[in-house]
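Note on naming: letters A, B, ... go to the chains in the order of the sequence lines (proteins, then strands), and numbering restarts at 1 for each one. Just so it is clear, the model here is predicted, and its values are computed rather than measured.
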There are 2 protein chains.
Amino acid sequence: MQPAGGSKRVTITDVARSADVSTSAVSKVLRNAYGVSPAMRERVQTAMAELGYRPHAAARGMRGRTYTIGVLLASIRNAFYADLLDGVNAALRNTEYALFMGSSGSSEMEDQTKLIHAMVDRQMDGLILIAPAVPRAEVMGIAAEVPTVVIGHHDPSPAYDCVVNQDGTGVDLVVDHLVGLGHRDIAHVSHPTVRGSQWEQRPEHHVRAAYREAMARHGLTDLARVVHSGYSDEGGYRGAMELLTSARPPTAIFAGADVAATGVFRAAAELGLRIPGDLSLAGYNNTSVAALAPVSLTSVDQAGAMMGETAARLLLERIEKRRDRAVVTASTPHLVTRSSTAPPGA
Amino acid sequence: MQPAGGSKRVTITDVARSADVSTSAVSKVLRNAYGVSPAMRERVQTAMAELGYRPHAAARGMRGRTYTIGVLLASIRNAFYADLLDGVNAALRNTEYALFMGSSGSSEMEDQTKLIHAMVDRQMDGLILIAPAVPRAEVMGIAAEVPTVVIGHHDPSPAYDCVVNQDGTGVDLVVDHLVGLGHRDIAHVSHPTVRGSQWEQRPEHHVRAAYREAMARHGLTDLARVVHSGYSDEGGYRGAMELLTSARPPTAIFAGADVAATGVFRAAAELGLRIPGDLSLAGYNNTSVAALAPVSLTSVDQAGAMMGETAARLLLERIEKRRDRAVVTASTPHLVTRSSTAPPGA
DNA sequence: CTCCTTTCGTATAACGTTGCACGAAGGGAT
DNA sequence: ATCCCTTCGTGCAACGTTATACGAAAGGAG
């Protein structure tokens, strides 16, 4: 406990002086290195506690680890990411590592690149990139320097680990559910393909393909319709408007993200359509918004916390060199049925 | 020069060699220091661009700035914080500073303290603490070491700058609005007082006091009722349940946070009460949730982005030593009326 | 043509930590 | 006693950057 005034930080040298040993000895204790007698360990630890010593991460960074992990978030507003983060936090709870997130606010490629560089420049030990918008080649370059886990994209690489969801299964659950309720005209609101991103397997691609397949499986190929208005409130609104004012409005809409589903709600309200009476609506991700009483949106749960925990675990394995081969883990989604879906015309 | 595996980073030395000058010269260019001829600046900058040089933040941290700003977030789920962050990001956009957030997930005091220490240990240049749960003395200690801005708490200090909202005004807007609609029995859902936090002026205190005053101003002192069930979905639910199943259920509820209002929605739905028919509901913060079509919650807008921008600006002033006296800025809220409030019995 | 300023570039010592290389005890085996 | 291991502690050279001190030109005033 140091008086705050203009006092200097407690350094390893102060500890060494106080414990009457060399700085190397203190460093050894700090690192659990070989060649420390119990007696010395004891003395050093006492001194550290007495002085309130905390290692200087920047200095550590110059030589090795900074014990810092960075998470790139496309948007802080997507509640699903919060679930992921809870998982990451949980996995890191009892380690020495600190977690810092960077969010560009916008999901612009340029901003994200700057953020990732900022993380690398600060010598972070590992990176978790959530659905990065930067080119795949860039990520592979980064991953060659720093252990990296990519969450969301289904493009594996020997350079980084992947944590994804079995999106195909999730889509099947939704379509089967809606068909089971009696719907046939089921439209899908998707995200536009980002040009030049080099990611072939973004979640929206998987979801889109799985949607078409599921429709085909039910003999509804001709009724399958996709609008690419985007995963955002505004995108959901525009997509729904287009669909619902078309010559043949669908009886059900499957939005590829909950956040887009909220836009569909808005469009339906404006058009005087009641949900689920006139239109059934399903989302994806089961974010906390879906669970809100006035929303009560049927959605696919991806167990975000579990994915986050897995990502953190994989990252630590890599950082601590307990594994050197890349890995892909895919978790199983399940459907949460709420009151936004019902038989058509109910 | 380097085999693919362990390619080294480009350092100031590489740039110096390539431009055929000393490292000091490169450093000078980097820092815009005095004593650099246009010719040399030109050559160095060309070399930097050619080699793709990026300064090593950890090394910088050992001597001075790290060009890193840390934001402490109590919870990543509160959409109001996202508004604040947008503002902070905007203010930092064209500076050299990178922004990293730390969120404990839980708002436990201990976790937050660890996070703040992690930021200080990483030599961050400035800290923005959003409604910190750690003891005030602790924050004052930190602020003596690192420039700090506190958002939310109305307890100013010479050690740090404060960015707050005129919460009293916001509350007046809500109560006046509800009274204007004809409500008299207006209850308030608040947050429990945190023991030992030493913050006397948390926003919920201001809001609570202002609520009582506003009720008194309308001659409704006896009808004023506060439950301290907490600013969370669950807290809103419990508080509303208590109020709505009491002997004299209120006709309107003013929730101190939008996130608590969503819990009130849930309670009302369970009790078969319609909003706004049977119960008017107002929130605080005007988060994006309030704007969702199925929610459409009347709420007080605090202009979060502006507050965030102000906080960042104040912080930069302090970091760059353009100001040394602490400052408090309070912005004016306004009411956003939506469809969750209506005359009683409408 | 001195002498005195500027101007501009370089040498160098930190900053706090790590990890290798080294050495001094102490303990067995011969 | 000699030699060789362990075990355990220390010395020291990095790591990439900043900032101070200093020297070498070049320019100006007398």
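Residues forming a ring-ring contact (aromatic ring centres under 6.0 Å, His included) with A:Tyr67 (at least two apart in sequence, or on another chain): A:Tyr97. In this structure A:Thr113 satisfies the side chain to side chain donor-acceptor pair (under 3.5 Å) test with no other residue, sequence neighbours excluded. In this view, A:His154 and A:His206 satisfy the ring-ring contact (aromatic ring centres under 6.0 Å, His included) rule, not counting sequence neighbours. In this structure, the side chain to side chain donor-acceptor pair (under 3.5 Å) partners of A:Tyr160, at least two apart in sequence or on a different chain, are A:Arg136. The side chain to side chain donor-acceptor pair (under 3.5 Å) test applied to B:Arg77 returns A:Asp83, A:Asp86, not counting sequence neighbours. Looking at residues two or more places apart in sequence or on another chain, you find no side chain to side chain donor-acceptor pair (under 3.5 Å) involving A:Asp155.
Between the side chain of A:Gln123 and the backbone N or O of A:Gly61, at least one donor-acceptor pair lies under 3.5 Å.
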Sequence neighbours left out, cut at 3.5 Å: what donor-acceptor pairs do the side chains of residues 36-49 of chain A make with other protein atoms?
residue: A:Ser37; atom: OG; partner: A:Met40; partner atom: N; Å: 3.2
residue: A:Arg43; atom: NH1; partner: A:Ala19; partner atom: O; Å: 3.0
residue: A:Thr46; atom: OG1; partner: A:Glu42; partner atom: O; Å: 2.8

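Counted within 6.0 Å of CZ on A:Arg322, heavy atoms from surrounding residues, nucleotides or ligands total more than 12; the atom is thus considered enclosed.
Note on the helix from C:dC1-D:dG30 to C:dT30-D:dA1: angle between the axes of the first and last five pairs equals 50°, rounded to 10 degrees.
Between B:Asp324 and B:Arg318, none of the side-chain N atoms (NZ, or NE/NH1/NH2) sits under 4.0 Å from a carboxylate O, so this pair counts as no salt bridge. With respect to B:Asp121 and A:Arg54, a salt bridge is recorded, a charged nitrogen being found less than 4.0 Å from a carboxylate O.
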*With the sugar-phosphate defined as primed atoms, P, OP1 and OP2, and the base as all remaining atoms, what B/S/- string results for nucleotides 18-23 of chain C, 5' to 3', for protein heavy atoms under 4.0 Å?*
BB----
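Taking a heavy-atom distance under 4.0 Å as the criterion, the stretch of DNA chain D touched by chain A extends 5' to 3' from D:dT7 to D:dG16.
Residues from residues 34-48 of chain B placing a heavy atom under 4.0 Å of any atom in DNA chain D do not occur.
Across the interface with DNA chain C, nearest-nucleotide mapping of B:Asp20 and A:Met62 shows B:Asp20 to be the residue nearer the 5′ end.
Residues in residues 21-31 of chain A take part in these side-chain hydrogen bond (donor to acceptor under 3.5 Å, both in side chains) pairs, two or more places apart or across chains: A:Ser27-A:Arg31.
Between B:Ile142 and B:His117 there is a side-chain heavy-atom pair separated by less than 4.5 Å.
In this structure, A:Arg9 atom CZ and C:dA14 atom C1' are separated by 18 Å, rounded to whole Å.
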